[in-house]
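Here is the structure we will look at, set down as structure tokens.
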Amino acid sequence: MKFVVIGAGVIGSTLHRLLKRAGHDVIVVEAGKRKVYPTLIHSLLLKGEDVWLARRTLELYDQLRVKTREFPAYTILRDKGELPHLWEEVGVKIEEKYIDWLSSEAIVTRGSDRLVWIGSFIKSTPVVKGEARLSVNGGKTRVTVEGVQLSADYVILAAGAWNSKLYPEVRSKSYFCWAVAAYGPRQLDSSFVYDYELGFYSRPLLGLGLPLGILGDGDVVECEPEERLRVDYRNLVREASKRLGKLTPLYVGWGHCEGSPDMRPAYGRLRDDLLYVGGLDGYGAEVGPAVAEMVVDLVLKGEEKAGYLVDRFDDVQDFRLGREPHELP
Ligand SMILES: Cc1cc2nc3c(=O)[nH]c(=O)nc-3n(C[C@H](O)[C@H](O)[C@H](O)COP(=O)(O)OP(=O)(O)OC[C@H]3O[C@@H](n4cnc5c(N)ncnc54)[C@H](O)[C@@H]3O)c2cc1C
């Protein structure tokens, strides 16, 4: 069969590999609207079903030879409930103890957190460059790129924050997402910290042993994908410094993410020959490949994973974005 995938993010890149591996023709169209960062976080420290999506994603990274590297993680969280038990189920090693350099009790986890070299994965995906446009003609979905029509049995919409621009029936919104690279203590580049008391996370920049890390707070601010917001990172750096010691901000990385009405991933049919996959809500590198695999299983095997199907939003008119789903209580 012939597939046209719109968007070469983590989803489009995974779809390309999985569909090719199953022996199909795949064209991925990429408009170059999004900055690609070399590394992103992959964590198993999530909630509910997401833990299993993240576990499956890790297996897919392994199969697709995407480089990942593990680091210890320190989670400062008072109301942890059943979470440590859930994480142990997927093979995470857990210890709770006082950590001198954080001056706090923390849940120390091993086997939970990795940097994933998503940049080289995405950049090695062969693409047709240009902005895809979607239309429906004679009951068939048409994709044109720079005036040239691409024929396909199936079109897969995987354009992240731009999905609802391309096909307004998609119930998702774009939001602004940013993080600050900072210079600070040497532990920055060799560990993950999730601090739910002070409201920040830090992660290694590249894990090369330099005292450099990335800080963020997981805030969601609705914003058109063409718009760039002014970022005030002073409060984030001030709060993170209370825990980590002196931090010097270096630059701000930013981009747009796609949020769905319930802030959960979604996939499914929009038309007989048009599929959608998205709503990755700031954790696409953590769960995206497993969600991409669900689309492939839907088209090739007719399998459906209830709970993730996009038709759960059929009755949604307008909505406000909530918290990113990987944020813990
Ligand atoms: C600063 C920042 C830090 C982040 N950190 C993390 C992290 O550490 N871990 C994590 O898991 N997630 C992180 N995220 C979120 C993660 O990047 C997203 O969840 C993920 O990129 C979504 O993947 P996607 O494939 O759905 O969409 P995208 O990666 O947005 O890809 C969609 C692609 O479609 C293209 N496109 C759009 N319109 C068209 C068109 N008309 N024609 C052709 N192509 C088109 C775009 O150019 C883009 O390349 C971060 C996001 C930001 C902004």
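Position 1 is the first residue of the sequence, and the numbers go up from there. Nothing here was measured: the structure is a model prediction, and the numbers come from that model. All values below were derived from every heavy atom in this structure, side-chain atoms included, with hydrogens, water molecules and symmetry-related copies excluded. In each ligand, atom 1 is the first atom listed, and ligand 1 is the first ligand listed.
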field: Gap between atom CD of Glu169 and atom CG of Leu270 - 0.5 Å precision
entry: 8.0 Å
field: From CA spacing to verdict: salt bridge (charged side-chain N to carboxylate O under 4.0 Å, His left out), Arg264, Asp50
entry: CA-CA 9 Å; Arg264 312 273 312 141; Asp50 285 352; 2.9 Å; yes
message: Below 3.5 Å, N or O to N or O, backbone or side chain included: is there any such pair between Ala285 and ligand 1?
response: yes
field: Minimum-distance protein heavy atom relative to atom 52 (C) of ligand 1
entry: Cys177 SG, 3.6 Å
Side chain, backbone, both or neither: the part of Ile6 lying under 4.0 Å from ligand 1 by heavy atom: side chain
- request: Quick one: look up the protein heavy atom nearest atom 34 (O) of ligand 1 and list residue, atom name and how far away it is.
  value: Gly7 CA, 3.2 Å
- request: Enumerate the atoms of ligand 1 whose separation from the nearest heavy atom of Gly255 is less than 4.0 angstrom.
  value: 53 (C)
- prompt: Which ligand 1 atoms are under 4.0 Å away from a heavy-atom of Gly130?
  reply: 42 (N), 43 (C)
task: Please confirm whether His256 comes within less than 3.5 Å of ligand 1 when only nitrogen or oxygen atoms on both sides are compared.
output: no
task: Say whether Ile11, considering both its backbone and side-chain N or O atoms, lies within less than 3.5 Å of an N or O atom on ligand 1.
output: yes
field: Evaluation steps, salt bridge (charged side-chain N to carboxylate O under 4.0 Å, His left out), between Asp315 and Arg171
entry: CA-CA 10 Å; Asp315 295 331; Arg171 306 284 196 282; over 6 Å; no
- prompt: Considering only heavy atoms of Gly32, which atoms of ligand 1 have at least one such atom less than 4.0 Å away?
  reply: 47 (O)
field: For Glu131, atoms of ligand 1 separated by under 4.0 Å from a heavy atom
entry: 41 (N), 42 (N)
message: I'd like to check whether Gly282 has a polar contact with ligand 1, where a contact means an N/O of the residue lying under 3.5 Å from an N/O of the ligand.
response: yes
message: Name the residue from Glu258, Glu324, Glu222 that meets the side chain to side chain donor-acceptor pair (under 3.5 Å) definition with Tyr175.
response: Glu324
- prompt: What protein heavy atom sits nearest atom 39 (C) of ligand 1, and how far off is it?
  reply: Ala31 CB, 3.9 Å
message: Closer than 4.0 Å to some heavy atom of Cys257 - which atoms of ligand 1 meet that?
response: 15 (C), 51 (C)
message: I want to know if ligand 1 touches Arg34 in the polar sense, i.e. an N/O pair below 3.5 angstrom.
response: yes
message: Return the closest protein heavy atom for atom 19 (O) of ligand 1 as residue, atom name and distance.
response: Gly284 N, 2.9 Å
- line: Nearest non-hydrogen protein atom to atom 40 (C) of ligand 1, with distance, is Ala132 N, 3.7 Å
field: Nearest-neighbour protein heavy atom for atom 47 (O) of ligand 1, which is reported as residue plus atom name and distance
entry: Glu30 OE2, 2.6 Å
N/O separation below 3.5 Å, Gly278 to ligand 1: no
field: ligand 1-proximal atoms of Ala158, by part, heavy-atom distance under 4.0 Å
entry: backbone
task: Note the single closest protein heavy atom to atom 7 (C) of ligand 1, along with its residue, its atom name and the distance in Å.
output: Ile41 N, 3.4 Å
query: Do Tyr167 and Tyr276 belong to the same hydrophobic cluster, where Ile, Leu, Val, Met, Phe, Trp and Tyr are linked whenever their side-chain heavy atoms lie under 4.5 Å apart, directly or via other members?
result: yes
- request: Using distance alone, decide if ligand 1 has a nitrogen or oxygen within less than 3.5 Å of any nitrogen or oxygen in Lys33.
  value: yes
message: Only heavy atoms of Tyr283, strictly under 4.0 Å: list the atoms of ligand 1 that pass.
response: 10 (C), 11 (O), 12 (N), 19 (O)
statement: In ligand 1, the atoms that come under 4.0 Å of a heavy atom of Gly9 are 25 (O), 29 (O), 31 (O)
- request: For atom 22 (C) of ligand 1, find the nearest protein heavy atom and state the residue, atom name and distance (0.1 Å precision).
  value: Leu280 CD1, 4.0 Å
- prompt: Honestly curious: do Tyr194 and Val287 fall in one hydrophobic cluster under the side-chain, below-4.5 Å linking rule?
  reply: yes
query: Judged by modelled atom types alone, do Arg203 and Thr39 share a side-chain donor-acceptor pair under 3.5 Å?
result: yes
message: Contact between ligand 1 and Ser43 is defined here as a heavy atom of the residue under 4.0 Å from a ligand atom; is it met?
response: no
message: Please check whether Val10 reaches ligand 1 - meaning an N/O of the residue sits under 3.5 Å from an N/O of the ligand, judged on distance alone.
response: yes
task: Starting at CG of Leu166, measure out to CG of Leu134 and round the result to the nearest 0.5 Å.
output: 5.5 Å
message: Is there a polar contact, in the sense of an N or O pair closer than 3.5 Å, between Leu166 and ligand 1?
response: no
